[in-house]
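Numbering of ligands and ligand atoms starts at 1, following listing order. Source: prediction; values computed, not measured. Side-chain atoms are counted along with the backbone in the values below, which use heavy atoms only and exclude waters and symmetry mates.
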Amino acid sequence: MPISVEALRQQLRETLEFLRSRTTLEPRIGIILGTGLGALAEDIELSQVVPYQEIPHFPLSTVEGHSGRLLFGHLEGHPVVAMQGRFHYYEGYTMQQITYPVRVMKKLGVDTLLISNAAGGMNPLFRRGDVMLIVDHINLLGDNPLIGPNDPELGPRFPDMSAPYDPELCRLAEEAALEARIKLQQGVYVAVAGPNLETRAEYRFLRWIGADAVGMSTVPEVIVARHMNMRVLGISVITDECFPEALKPLTHEEVVAAAQEAEPKMTEIFRRVLRKLSR
Ligand code: HPA
């Protein structure tokens, strides 16, 4: 059940009070990185690291190996906050839990969100290892983080979604890719719940409804970011080719390996975009 407006306000106040007691840094840029794409976070000149389990009202990461941390510091001269470890719907979190950190980021002063994911490529022109600028999305998660009472202080009841991915940031990303001689595909990202990968019939369906890449994240965070009027730049790393007539079996390990291989391209584009943004 979604929580009440007053309860969410109270939670955000408590989370903010705690984080303010830990750091004086006032981040303007928020960063959420996808599976196998964490290297950009390692480039941050850290000023504070806060494990999720210490943060009041933060969900806890289920991924083995690291419990999740919020990183505060500077990247390309910008004060940033980054999530090391994100939350997925298939892990059993509610949409409100998945997107709570985005609300916290906004309250901390973040107005620009950089977000990435590992995705399957369905556009036949895409190849494994490509990077794709997300220009639009389709929400097929069957759920929405804005369901429940709306707090007008956070955002409108019926937020506009005519341009969820900021056209100016998209332009800067294209410019950055051109300068770095990186081939940057463009396309529509569709979010599904997972955790299984798609059947051939499902890939055919997803392609047919207009999606170029498919994954299991990002859309909830972007919906909430737009609800709170943040600018969003999204990049997918294409980890596998999802062509229904030529589909090969795929393991999660292969997805992670492909993401890690292609990651430097994504990192380079994000860094260059940050350099182009005034501080
Ligand atoms: N489907 C869904 N999510 C994914 C895929 C896919 O093919 N590849 C990487 N993430």
**Message:** Students should be able to answer this: which protein heavy-atom is nearest to atom 5 (C) of ligand 1, and at what distance?
**Reply:** Gly120 N, 3.5 Å

**Request:** Run the salt-bridge test on Glu245 and Arg204 with the 4.0 Å N-O cut-off and return the result as yes or no.
**Result:** yes

**Asked** Considering only heavy atoms of Ala119, which atoms of ligand 1 have at least one such atom less than 4.0 Å away?
**Response** 8 (N), 9 (C), 10 (N)

**Message:** Please verify the inter-ring angle class for Tyr52 with Phe87; under 30° counts as parallel, over 60° as perpendicular, anything in between as tilted.
**Reply:** tilted

**Request:** Could you tell me whether Lys106 and Asp111 have a side-chain N and a carboxylate O separated by less than 4.0 Å?
**Result:** no

**Fill in**
protein heavy-atom neighbour closest to atom 4 (C) of ligand 1 works out as Val214 O, 3.6 Å

Pair up each side-chain donor or acceptor in residues 2-9 with any protein partner under 3.5 Å, not counting sequence neighbours, and list the distances.
unit_1, atom_1, unit_2, atom_2, d
Ser4, OG, Ala7, N, 3.0
Glu6, OE2, Arg13, NH2, 3.2
Arg9, NE, Asp151, OD2, 2.7
Arg9, NH2, Asp151, OD1, 2.7

**Message:** Give me the residue, atom name and distance of the protein heavy atom closest to atom 7 (O) of ligand 1.
**Reply:** Tyr203 OH, 2.7 Å

**Item:** Phe58 ring center within less than 6.0 Å of Phe18 ring center
**Value:** no

**Item:** Note: Glu179-Lys276 ion pair, threshold 4.0 Å (strictly below)
**Value:** yes

**Asked** In terms of atom number and element, which parts of ligand 1 are under 4.0 angstrom from non-hydrogen atoms of Cys242?
**Response** 7 (O)

Please list every donor-acceptor pair under 3.5 Å in which a side-chain atom of residues 190-198 meets a protein atom from a residue at least two apart or in another chain.
unit_1, atom_1, unit_2, atom_2, d
Glu198, OE1, Tyr203, OH, 3.1

**Nearest neighbour in protein (non-hydrogen) for atom 1 (N) of ligand 1** = Glu198 OE1, 2.6 Å

**Prompt:** Which residue owns the protein heavy atom closest to atom 8 (N) of ligand 1, what's the atom, and how far is it?
**Reply:** Asp240 OD1, 2.7 Å

**Prompt:** Of the protein's non-hydrogen atoms, which lies at the shortest distance from atom 10 (N) of ligand 1, and what is that distance?
**Reply:** Ala118 O, 3.5 Å

**Asked** Can you tell me which residue and heavy atom of the protein come closest to atom 9 (C) of ligand 1, and the distance to 0.1 Å?
**Response** Thr239 OG1, 3.3 Å

**Prompt:** Any idea which atoms of ligand 1 are less than 4.0 Å away from a heavy-atom of Leu197?
**Reply:** 1 (N), 2 (C), 5 (C), 6 (C), 7 (O)

